[in-house]
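Numbering of residues begins at 1 and proceeds along the displayed sequence.
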Amino acid sequence: MNESGRVPEEKTNVIAPGFHTINPDTRLTTQTPPPVNSVDPKLSSRNVTILPHSGVVRTLLEKPTILGTCFIITHVCLGNFSIFSFSQKTKSFGLFWMIFFTIIIGLINYWAIMRSFFASIKCKDSNYSQVTEQFLGIKARKFLNILIIGYSFLCMMYLIGLTFPLIGRIIKILAYNNQYQSYNTFLKEKWGKDFIKYPFLICVGFCVYIISYFKFIKLRFIGFFRMITFSLCILILIIQSNSYYKYYKETIFKSNDKNTYTNWTNLKNAFSSKMDFFKGLCILFASYTCMPIMFPIFEGFKSQEKPFKKTRTSVILGTLLTTVLTIISIICSYLINPYSPEEFVFFRKNKNNGKDILLVITNFFIVICLILTAPRYYLMLKINFKFLFFKDKNKLTGKLNNFFTFIFCLGSAFASIYFDGFLSYLCYIGGFFSVFISYLFPALIYAKSSGKNIKYWNNLIHIIFAFILCVIGLIGGISTLVDDITH
């Protein structure tokens with residue numbers, strides 16, 4: 001506290017409205033800090049920032065650790081389960097090339113995160129939006145806010161909408177060849193499907209609203225539950241992949257029919273008129289989006305010894321673990337159904353039309369996980385909405401906050417009712433939003449923070465490379481949009 005009785009600005013830094021920096025020795029909380037006059041003048045100069053993406057981040061930022069950061073990167077990247085959609089594109093890519101491009105995107109993700117870290121060293125802020133405004137200006141920050149709002153809303157639509165077919169698969173499996181078989185006939189009629197779908201997704205949207213507004217479930221629990229669920233899915237895929245592949249070889253594969261062949265290395269089909277090469281990369285872009293949470297982590301490491309070494313090690317481990325788990329998922333998902341991959345591996349048909357209890361278990365856990373994960377994206381949306389439209393960042397409180405939460409949670413549920421192309425969601429997320437959030441903005445921030453002219457050769461290489469990734473993403477997103485409109 002200075003002589004005028006005011007606290008210096010750097011000690012009351014706010015990552016977003018309602019998420020304030022506090023003394024690392026006190027208990028972390030998301031409540032508004034005490035009035036200025038009551039602030040302890042002995043507050044440490046080291047700021048700890050609370051981020052809404054995961055409660056694990058709160059613990060991590062008290063004293064960042066390499067393994068803790070590795071866990072954060074992994075569970076944020078894999079949290080929306082989008083990697084289980086890769087198998088649908090693997091038939092076009094070939095299994096070898098899909099694994100190859102997964103590794104390449106992992107390396108690109110590491111490159112982008114480390115560029116952001118270099119820029120954060122020269123910046124006092126620990127929020128992505130604020131860092132962007134400092135280096136690129138207020139217009140760039142507003143554009144980033146719009147991108148994160150669109151990214152968050154589409155993620156909510158994807159997570160909420162995906163719950164309905166997963167529940168449908170559970171019912172179909174349990175109801176096969178028993179007194180509930182009439183349910184399958186009922187669903188074949190469009191009115192029957194809509195009769196169930198509308199109220200179900202509205203109820204899911206209301207559940208997301210309750211969790212988001214009243215915060216009944218701790219975000220830390222959600223993070224761990226999501227990782228447990230994902231690990232369970234991987235384990236079951238590993239267990240089942242061998243038996244499903246044997247079933248394919250014995251009953252589906254025909255030596256005289258190339259359509260039944262397993263595609264191991266042929267990349268030719270990925271460049272057909274369907275643009276599967278670009279769409280597949282868009283799914284990868286969407287799955288590696290973790291940039292918004294990285295700046296608070298950078299801030300925590302900067303106060304420790306050897307910050308560069310610790311940050312680099314944690315990012316390498318986090319990216320490596322994410323990539324390894326993704327590759328395992330791709331291999332197992334493809335071996336389970338190599339002849340006709342589904343949009344989402346857990347929509348797969350049971351071999352011999354039998355009951356697959358393990359599939360029921362994984363679908364049930366995924367449904368719970370999707371509902372619990374959606375509030376994380378709502379908080380991202382809400383924070384960036386405040387930055388974009390409210391000069392007073394604390395204005396969105398009380399009844400207005402309640403109304404805003406209700407509208408966006410139920411709005412995403414209604415939107416998911418009328419648009420259920422889950423691969424399209426991922427292509428839009430990766431092609432229109434993730435490439436800018438994860439690659440272009442970090443490259444521009446790095447170039448501006450270097451202290452050299454933007455046309456300096458090293459800066460140009462970074463910007464041109466990020467621009468190429470954006471072009472790839474836009475081609476995938478636009479081709480997906482054209483397909484959805486024409487079909």
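Applying the salt bridge (charged side-chain N to carboxylate O under 4.0 Å, His left out) test to residues at least two apart or on different chains, none of the pairs has a partner in residues 443-455. Screening residues 401-411 for salt bridge (charged side-chain N to carboxylate O under 4.0 Å, His left out), with sequence neighbours left out, gives no hits. Identified under the salt bridge (charged side-chain N to carboxylate O under 4.0 Å, His left out) test for residues 274-298, with sequence neighbours left out: Lys89-Asp276, Lys279-Asp483.
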Show every donor-acceptor pair shorter than 3.5 Å between a side-chain atom in residues 424-435 and any protein atom, with sequence neighbours excluded, or say none if there are none.
unit_1: Ser424; atom_1: OG; unit_2: Asp484; atom_2: OD1; d: 3.1
unit_1: Ser424; atom_1: OG; unit_2: Asp484; atom_2: OD2; d: 3.0
unit_1: Tyr425; atom_1: OH; unit_2: Phe419; atom_2: O; d: 2.5
unit_1: Tyr428; atom_1: OH; unit_2: Asp484; atom_2: OD2; d: 2.5
unit_1: Ser434; atom_1: OG; unit_2: Thr289; atom_2: OG1; d: 2.7
unit_1: Ser434; atom_1: OG; unit_2: Ile429; atom_2: O; d: 3.2

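Using cut-offs of 30° and 60° for the angle between ring planes, the Phe96 and Phe100 rings count as parallel.
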Side chain to side chain contact (heavy atoms under 4.5 Å, CB included) between Tyr128 and Thr132, worked out: CA-CA 6 Å; Tyr128 196 8; Thr132 301; 3.7 Å; yes
What verdict does the side chain to side chain contact (heavy atoms under 4.5 Å, CB included) test give for Phe93 and Ile99, after you've listed the backbone C-alpha separation in whole Å, the side-chain angles of each residue and the deciding distance to 0.1 Å? CA-CA 9 Å; Phe93 273 76; Ile99 294 173; over 6 Å; no
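With sequence neighbours left out, Phe153 forms a ring-ring contact (aromatic ring centres under 6.0 Å, His included) with no residue at all. Taking the ring-ring contact (aromatic ring centres under 6.0 Å, His included) definition, one finds that Tyr158 meets it with nothing, sequence neighbours left out. Under the rule for a side-chain hydrogen bond (donor to acceptor under 3.5 Å, both in side chains), Ser416 has no partner lying at least two apart in sequence or in another chain. Considering only residues two or more places apart in sequence or on other chains, Ala447 meets the side chain to side chain contact (heavy atoms under 4.5 Å, CB included) condition with Ile454, Asn459, Ile463. Taking Thr405 as the reference, Tyr378 meet the side-chain hydrogen bond (donor to acceptor under 3.5 Å, both in side chains) condition, with sequence neighbours excluded. Partners of Phe406 according to the ring-ring contact (aromatic ring centres under 6.0 Å, His included) rule, which considers only residues two or more places apart in sequence or in another chain, are Tyr209. Evaluation of the side-chain hydrogen bond (donor to acceptor under 3.5 Å, both in side chains) rule for Ser449 yields no partner, not counting sequence neighbours. Every residue two or more places apart in sequence or in another chain that forms a ring-ring contact (aromatic ring centres under 6.0 Å, His included) with Phe118 is listed here: Phe308.
Annotation: side chain of Cys470 is in contact with side chain of Phe436 (closest heavy-atom distance under 4.5 Å).
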